[in-house]
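To find a chain, count down the sequence lines: A is the first, B the second, and so on, and within it residues start at 1.
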Amino acid sequence: MNAIPLTPLDLALAAALVLVAGAVSVALRLTLERSLALASVRTVAQLLLVGFVLEWVFDLDRAPLVLALMGVMVVLAGRTAVNRSGRRYPGLYLQSIATLIITGLLTTFVVTGAIVGVDPWYRPQYVIPLLGMILGNSLTGISLTLDHILESLAEGRDVIECDLALGATRWEAAREPVAAAVRRGMIPIINAMMVVGVVSLPGMMTGQILAGANPIEAVKYQIVVMFMLAAATSLGCIGVAMLAFRSLFNARHQLRAERIVRSRGR
Amino acid sequence: MAAKTTGMPLLATDNISIAAAGRVLVSGLTFSVEGGETLRLSGPSGCGKTTLLRALAQLVDVRVGDLRLGGSSPAELGYPTWRARVSLLQQQPAFHDEPVADALARPFQFATRAGRRYLPDEAVLLLRRLGLAESVLEQHARSLSVGQQQRVALVRGLLVQPAVLLLDEPTSALDDASTTAVVELLQERAAGGLAIIVVTHDLRLNALCDRTLDLSLFACAQAQAR
């Protein structure tokens, strides 16, 4: 690798580009300059913070510490996925976290263990960034899935109960909303896979190339990453949709839509 | 047309209580209907008529007491099978976003009707009986007027041939001619052995009903006090 090191002046020049955008906002009275300034400051602060954290994390050489950090990441992602959804029901936080524990950790360790062959298996330089990517994509998919299925079951209660009243099993009555919700959650990752390399170059691949990596090697990693994200997201979406189904239909094939409540502030 | 009842209890309740939103509405209710019989449920608004229909269809639980269809409980029959035989038509018909033809065929895709086929000719016959043209099959169910939807829902409820049909205000949006057609059709089905339990305030359905059960007699003290 022969990456060109960046000086503080280079970073300042990049900030100047944002200043141009801010100036345009002022000139056209778009009132975006405050948001732009706040977002820029947050970007610098958050990335510097994560840089220091990653430095510390990568020095960790003990599996329990890495696993604990992964656990914290999963819990935060699980909570965020639920908070982004417009509705919820009792037990949803736990289900979201449980789903991410299974799909996120499983996918991460399949990639690091079986595909990349990381040694030792918990090497944080690999497992932490990969899990981060998986969780970021999965929580988007999961929140979209939850939003869709909970809205379908709450707003479409009459139609579902009509099917039940005519002899449908709970699965027959719920199959369409469940499938539509999973499709909804998968749209971002499917779209990303459709245009990757054509319309957009993924950040990770671009970063590797800018850092001096061979483009073909960067592409191979990106392919693994895309497949990993697709697998984790689809498993996550299917997981939460099925858990919602099991939570909102009881063994007597009754819809328990009264368990669904709107999230606060929505 | 006088309905000929079978003389055998088909659907029977034994000392049931029903509740909505945690409030007991009716308690100690015991009654039965026979094949071919039509029972009207009466009582003031909010006394639990709709909830009772939903409980008979097992869309909500009965708090206490026992339900039997031909001697079998819902659990023994299986809940979907129970509902395939004790079918509820709700006051506000609800349809998927699909043409009427698909809406009518939908219940025949359920496992509880395995081996039974949707018969389009029979559907057309029933639609015509209720004053709806064959062309309605191509229209989206949700685009129909409420009165048309009520009649389509009734056609679907008859096509699936339940043993007991639970009707919640089935003629609330119908004119006199359509209501008469509905009454005549239901009387024919009752004569063929169909048991009907109907919640209605519509006096035009008097000719259909063999007897009336006043739910206010079973309203629990807690509900009455409110």
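- Considering only heavy-atom pairs separated by less than 4.5 Å from chain A, the leading option among B:R113, B:R85, B:Q92 is B:R113.
- With rounding to the nearest 0.5 angstrom, the CG atom of A:D163 is 11.0 Å from the CZ atom of B:F95.
- Among B:P162, B:P107, B:P80, the single residue meeting the side chain to side chain contact (heavy atoms under 4.5 Å, CB included) criterion with A:L166 is B:P107.
- For the atom pair CZ (A:R252) and CG (B:L59), the distance works out to 12.0 Å, reported to the nearest 0.5 Å.
- One finds the SG atom of A:C162 at 7.5 Å from the CG atom of B:L89 (value rounded to the nearest 0.5 Å).
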TODO: For side-chain contact (heavy atoms from CB on, under 4.5 Å), just list the numbers for A:E176 and B:H96, CA-CA rounded to whole Å, side-chain angles, deciding distance to a tenth of an Å, and then say yes or no.
DONE: CA-CA 10 Å; A:E176 287 178 30; B:H96 290 266; 3.7 Å; yes
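- For chain B, no part of A:E258 is nearby; none of its heavy atoms comes within less than 4.5 Å.
- With values rounded to the nearest 0.5 angstrom, B:Y79 atom OH is found 11.5 Å from A:R170 atom CZ.
- Nearest heavy atom pair, residue A:Q254 against residue B:D61, reads NE2-OD1, 2.9 Å.
- The number of heavy atoms from other shown groups lying within 6.0 Å of CG (A:L106) is above 12.
- The shortest side-chain heavy-atom distance between B:R142 and A:V159 falls under the 4.5 Å cut-off.
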Task: Check against side chain to side chain donor-acceptor pair (under 3.5 Å), B:Q90 and A:D158 - done: CA-CA 9 Å; B:Q90 307 186 69; A:D158 289 348; 5.5 Å; no
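- Annotation: B:R116, atom CZ; neighbour count of heavy atoms from other residues, nucleotides and ligands within 6.0 Å is above 12.
- Taking each heavy atom of A:E172 and B:A111 in turn, the nearest pair found is OE2-N, 2.7 Å.
- Of the atoms belonging to A:R175, not a single heavy atom falls under 4.5 Å from chain B.
- Rounding to the nearest 0.5 angstrom, the gap separating the CZ atom in B:R83 from the CD atom in A:E161 is 9.0 Å.
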